Amino acid sequence: MLVDADLSYRMDDAAKRLRVEGGLTLQGFVSFGLAATVGGLDSAFLRDAGLWMQKAAQSGVPPALASAAFGATVGKAIERVDVAKIGFVMTDLGAVRR
């Protein structure tokens, strides 16, 4: 299965806004896309949360528990999520079947 993925982001630390845009295409047949802005996050917070998760993993905390705690921590910091676009495209391959 061939997969083409792209992801771009821009962090605005002064406004505590993270802009994320990305897409995923499977074999040129199905494509998904999303653009969103998340408020309440900045580089320092994400760096500290990432370091905490790394230390938790190194100390033997089960990955599922560390991921859940990380998600809860980030979830509390998020103030607002604005979704600019969600896309889904599926190509009809009926004409190319043998």
Side-chain angles (χ1 to χ4, degrees):
M1 177 177 283
L2 298 175
V3 177
D4 182 26
D6 67 274
L7 175 69
S8 62
Y9 67 92
R10 185 173 63 88
M11 179 66 75
D12 182 352
D13 281 331
K16 289 194 169 188
R17 304 288 286 166
L18 172 64
R19 168 93 175 149
V20 179
E21 190 164 348
L24 180 71
T25 302
L26 305 174
Q27 290 186 330
F29 175 61
V30 178
S31 298
F32 304 93
L34 173 70
T37 303
V38 181
L41 302 177
D42 61 7
S43 298
F45 174 80
L46 292 175
R47 181 190 63 238
D48 292 346
L51 288 173
W52 176 88
M53 187 157 176
Q54 178 185 6
K55 288 179 184 177
Q58 290 172 343
S59 67
V61 174
L65 181 59
S67 297
F70 176 78
T73 302
V74 172
K76 289 178 185 176
I78 292 175
E79 295 171 354
R80 180 175 173 173
V81 177
D82 296 315
V83 177
K85 61 182 177 180
I86 298 175
F88 173 77
V89 176
M90 182 178 225
T91 304
D92 181 6
L93 297 178
V96 297
R97 290 187 183 153
R98 295 179 189 210

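Predicted model, so just to flag it, every value in this text is computed and none were measured. Numbers for residues simply follow the sequence, beginning at 1.
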Quick one: are [X] and [Y] in side-chain contact, heavy atoms under 4.5 Å?
X: Y9; Y: R19; result: no
X: V30; Y: F88; result: yes
X: M53; Y: S67; result: yes
X: V38; Y: V20; result: no

Same cluster or not: are [X] and [Y] linked, directly or through other Ile, Leu, Val, Met, Phe, Trp or Tyr residues, by side-chain heavy atoms under 4.5 angstrom apart?
X: L34; Y: V89; result: no
X: V83; Y: F32; result: no
X: V81; Y: F70; result: yes

Which distance, rounded to the nearest 0.5 Å, do you find between the [atom1] of [X] and the [atom2] of [Y]?
X: L18; Y: R10; atom1: CG; atom2: CZ; result: 9.5 Å
X: R80; Y: R17; atom1: CZ; atom2: CZ; result: 6.5 Å
X: D12; Y: T37; atom1: CG; atom2: OG1; result: 10.0 Å
X: L7; Y: L24; atom1: CG; atom2: CG; result: 11.0 Å

Locate the shortest heavy-atom distance separating [X] from [Y]; write the atom from each residue and the value.
X: A77; Y: L41; result: CB-CD2, 3.9 Å
X: M11; Y: L46; result: CE-CD1, 3.4 Å
X: F45; Y: T73; result: CZ-O, 3.8 Å
X: A69; Y: W52; result: CB-CH2, 3.3 Å

Distance-only, no hydrogens or angles: does the D13 side chain make a donor-acceptor pair with backbone N or O of S43 under 3.5 Å?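 Present.
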Answer yes or no: is there an ion pair linking K85 with E21, defined by an N-O contact shorter than 4.0 Å?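 Looking at E21 together with K85, the answer is yes, because their closest N to O distance falls below 4.0 Å.
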